[in-house]
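This structure is a prediction, so every number in the text was calculated from the model and none was measured. Counting from 1, the numbers follow the sequence of the chain as shown.
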Amino acid sequence: MKRLFTFIALLALVALQAQGQWTRYTNLPTVYIDTYDGAGIYSKTEYVLATMRYVDEQDQLTVYDSLQIRGRGNSTWNLSKKPYKLKFNQKEKLLGKGRAKAKKWTLLANAADKTLIRNAVTSALGERTSLRFNPAYKFVDLVLNGRFLGNYQISDQIDVRPHRVDIVEQDLPLGDDSDITGGYLLEVDGFKDGNCFTTSSYSVPIRIHYPEDEDIASKQNTYVRNYMAQFERVLRSNAFDDPQEGYRAYVDSTSLIDWFLCTEISANLDGYYSTYFYKEQGDPRLYWGPLWDYDIAYSNDYREQTTVNKLMTDVGYGQTKLWINRMWQDRWFAKKVHTRYKELLDDGLVDYLFETIDSLTALLAESQELNYQRWGIDRRMYHEIVIYSSYDEYISYLRSFISAHCAFLEEAFADRKPVEPTQPFSPVDRFYRITNANTAKAIDASGPGVQQYENIAEREGEDWWIKRANGHFMLINRQSLQALNDPTQGEVGPAVNVGAQLNTAAEDSLDARQLWDIVPQGTQGWYNLLNVHSQHVANLSGGNSADGTPVLSYTNDERNGTSKNRLWYFVPTRDEVPETLTGIRDIEPDDYALAFNPATEELHFGAETPDLLQRFSARVFSASGRLIGTFRADERFSMAGQPRGIYIVTWQCGSQKRSAKFNKQ
C-alpha cells in the first residue's frame, strides 16, 4: 500500500509541478502536507501517513514521501490552531547545515502567542548564555490537505542526538559491563507523562526521556531514581551549602545559573513546571536545559496578571522551584545569580533581545498578516492577558515587558536577598494542593477524617478551593464539596483540648469551625492554618511521612514558625475552580452554559445559538461511576428521585471534551 501511495503521489506531483502549483505564500518557505486519502489528524499518539512538499526561499521544491504526522502538545492540542509532530522514514537535515539530522521534528503553532516569536526569542536568549543545547527553529507557512493553516515554526524535537541534546548514547541493548551513569535526558514534568516517578524528599515528578520508554532497562530506572534521591537528600541536609559536600557537587553551576536566569528573564510561569536537565556518562553533575515551551512567557499568561516586578520562584508553577528556593538560602547561589546577571546586562543583553525581536518581526511581516486573516488577531486563543487589534501592538507589549522586567531583576538580584518574607496569602481562582513543609505531602479528604497523602494529580481529594468568607478563608474540597472543619469539642483556646483530627462538613460560612486564617511564616513561602473557632493550628501528627497520617487541631504557640509539622505551602494547580451546579459558572461563556434548577431538579443547557445544542448529548454519572442517564443538550434532564450526593456530567462539543461535578442537596 505504501509503495502504491508513493507511486500515485509522484505521478500527481509531476502534474502539479507542470501546472506550477507548488509556490510560496510569502517570503517564508511554504510546507504542503497531504495525508493519505485526506485523513484527519485527531490523535497525539497515532501517526497518519502523508506526503510533504517543501518550497524553500529560492522556490526549490523538495518532496518527502510516506511522511508520518500526528498531533502534539498538552494544553495547546486543545486549541483551534493545532501543533503537530512529523516523523520521516529516514533521518533528514530539515533545517540545514549545522543542525540536527533526525527523523522527528515539531511543527509549533504558537497559537497562544500573538507575536508568534516568544519560543524563538527564548532560543536566541539561550544562545547568548552558556547553555549548550538550544532548539533550532525556522518559520514557514503551512498548508495541510489543501487548507492554509498559517504561520508555523519547525523546531527540534527535544531528544538525544548530535545538534540536539548531544550527550553519550547508552548501549542498546545493555551489556554486563555497560556504563549506566549516563547519558540521561530528564524533565521535571508537571503533567507526569511517560516514564515518570516522584522523588521522595520534595515530591518532584521526574520524567526519563532518554533512554526512551521502550529501551530503558530496570537497572537504569533504578540508577536515576537513586541518583535523584541522593541529590535531594543533600539539598535538604544541614550541609546543603557546603561547596564539596552540598548540592553544588551534584550540579553544573554554570548551566544551572544561566538556565535559572533565562527562566526569570522570560518570566515563564511554567518554567518550573516543565524543566529539562541531563546527566552525562561518568559525570556526577546535572546539567540544565534545553529551554522549551515559552509561548506563554514574557507576561502572556493571565494566571498572573502582572509578572513585571515578580520572580517566578515566588509566583510560578511547578515543583522545580522547591529546589531553587532551597538554593536561594545558599549565599553562594544568590551572589552567583547577581554577578552573572550583571555580566549579561553589561554585555548588551536587552539590546540583543530587541535586535532579535526586530529581526523576527521583519521576517514574519507577510506571514503574520496571512496568519491572522485565518485566525483573527483580536481573539483570545489561550492565556493572553492583553488583546490588541494589530500585530505591532503585541510586539510593542513584548518589548516593553522585557525592558521593565530586566530592570526589576537587576534590582532584585543586586541586594542578594531575593527571597522576601512570606506575603499575606491571596488565593487565585484555582484549586490548591496544601502541602506540608516537612513531608511535601498534601492534605487529603478522601478517607475518614483529614489526612496527608502523596501528591497524585488525579487524586481530587487533595484539591482545595480557597475562598474568602467573613474576613477569613474557607477551604472547600474538590471531591466532596465540603469545607475543612475543626471538630474540637468543649472549651477552646490556643492550648486547650488539642489533638482532634480535622474533618470536613457541609459548607456553612457562619460556622467559625470552618473559618481559617492563613498566617505567613518566615521566608520560605510557608503558612500556618489557624482555625477561628478553636484557635488551634493544623498540625501533621508526629511529622510522620506515611500516607494516611492524620492532620490534627493542635497547639498554637511560639513554635508555629519553626515546627514544620505546622507549616504548609500552597501549590496552585492548573485547574480553574468551577462553581457547583447550584450556581454553576458558564463552561463556554460565549457559546453555551450548563445549569441546574433546584426548584424543578432539572439539568439543562442554554445557548445564544440554540442550534448548537442539537449537536451533542450529555451523560450523567453517580460519584461511583454508575450511568444515571443520557440527554440531548437541547432537552432537560430530571434529577428528581435521585438521592442526594455528588454527580458528574460529561459531554463533547466538537473536539472539546467537558465535564462538571455538582452536589445535589
> Got a sec: does the NZ of Lys93 have more than 12 other heavy atoms crowding it under 6.0 Å?
Replying inline: yes
> Under the salt bridge (Lys or Arg N to Asp or Glu O under 4.0 Å) test, which residues partner Lys104, sequence neighbours left out?
Replying inline: none
>> Please give me the minimum heavy-atom distance between Leu269 and Val315, naming the atom from each residue.
In response: CD2-O, 3.7 Å
> CD1 of Ile69 to OG1 of Thr51: how many Å apart, nearest 0.5 Å?
Replying inline: 11.5 Å
> Quick one: does NZ or CZ of Arg118 land under 6.0 Å from the six-membered ring centre of Tyr298, within 45 degrees of the ring axis?
Replying inline: no
> Considering residues at least two apart in sequence or located in another chain, which fulfil the ring pair (Phe, Tyr, Trp, His ring centres under 6.0 Å) criterion with Tyr341?
Replying inline: Phe413
> What distance separates Asp463 CG from Ile434 CD1, expressed to the nearest 0.5 Å?
Replying inline: 10.0 Å
>> Once salt bridge (Lys or Arg N to Asp or Glu O under 4.0 Å) is applied, do any residues pair with Asp193, and if so which ones, sequence neighbours excluded?
In response: none
> Who passes salt bridge (Lys or Arg N to Asp or Glu O under 4.0 Å) against Arg132, sequence neighbours left out?
Replying inline: none
>> For the NZ atom on Lys336, are there more than 12 heavy atoms of other groups (residues, nucleotides or ligands in this structure) within a distance under 6.0 Å?
In response: no
> Does NZ or CZ of Lys279 lie under 6.0 Å from the centre of the six-membered ring of Tyr250, at an angle within 45° of the ring axis?
Replying inline: no
>> Phe431: which residues meet the ring pair (Phe, Tyr, Trp, His ring centres under 6.0 Å) condition with it, sequence neighbours left out?
In response: none
> With sequence neighbours left out, which residue pairs that include part of residues 165-174 fulfil the salt bridge (charged side-chain N to carboxylate O under 4.0 Å, His left out) condition?
Replying inline: none
>> Tell me every residue that passes salt bridge (Lys or Arg N to Asp or Glu O under 4.0 Å) with Arg430, counting only those two or more places apart in sequence or in another chain.
In response: Glu576
>> Quick one: does any side-chain atom of Lys85 pair with a main-chain N or O of Arg72 as donor and acceptor, under 3.5 Å?
In response: no
> Between the side chains of Glu187 and Ser274, does any donor sit under 3.5 Å from an acceptor?
Replying inline: yes
> Of Thr254, Asp258, Val251, which meets side-chain contact (heavy atoms from CB on, under 4.5 Å) against Trp288?
Replying inline: Val251
> If you measure only the distance, is there a donor-acceptor pair under 3.5 Å linking the side chains of Ser75 and Tyr382?
Replying inline: yes
>> My understanding is that only residues two or more places apart in sequence, or in another chain, count here; which of them pass ring pair (Phe, Tyr, Trp, His ring centres under 6.0 Å) with Tyr247?
In response: none
>> Per the ring-ring contact (aromatic ring centres under 6.0 Å, His included) rule, what does the pair list look like for residues 160-187, sequence neighbours excluded?
In response: Tyr184-Tyr223
Return all side-chain donor-acceptor pairs below 3.5 angstrom for residues 238-245, not counting sequence neighbours, or 'none' if the list is empty.
from	atom 1	to	atom 2	distance (Å)
Asp242	OD1	Gln244	N	2.9
Asp242	OD1	Glu245	N	2.7

> So with a 6.0 Å cut-off around CD of Glu46, is the heavy-atom count from everything else above 12?
Replying inline: no
> Can you list the residues that meet the side-chain hydrogen bond (donor to acceptor under 3.5 Å, both in side chains) rule with Arg164, with sequence neighbours excluded?
Replying inline: Asp156, Asp159
> Taking all non-hydrogen atoms of both residues, which atom of Ala297 and which atom of Ser266 are closest, and how far apart?
Replying inline: CB-O, 3.3 Å
> Could you give the distance from CH2 (Trp77) to OG (Ser43), rounded to the nearest 0.5 Å?
Replying inline: 7.5 Å
> Does the ring center of Trp323 lie less than 6.0 Å from the ring center of Phe260?
Replying inline: no
>> Using the ring pair (Phe, Tyr, Trp, His ring centres under 6.0 Å) criterion, which residues pair with Tyr32? Sequence neighbours excluded.
In response: Trp22
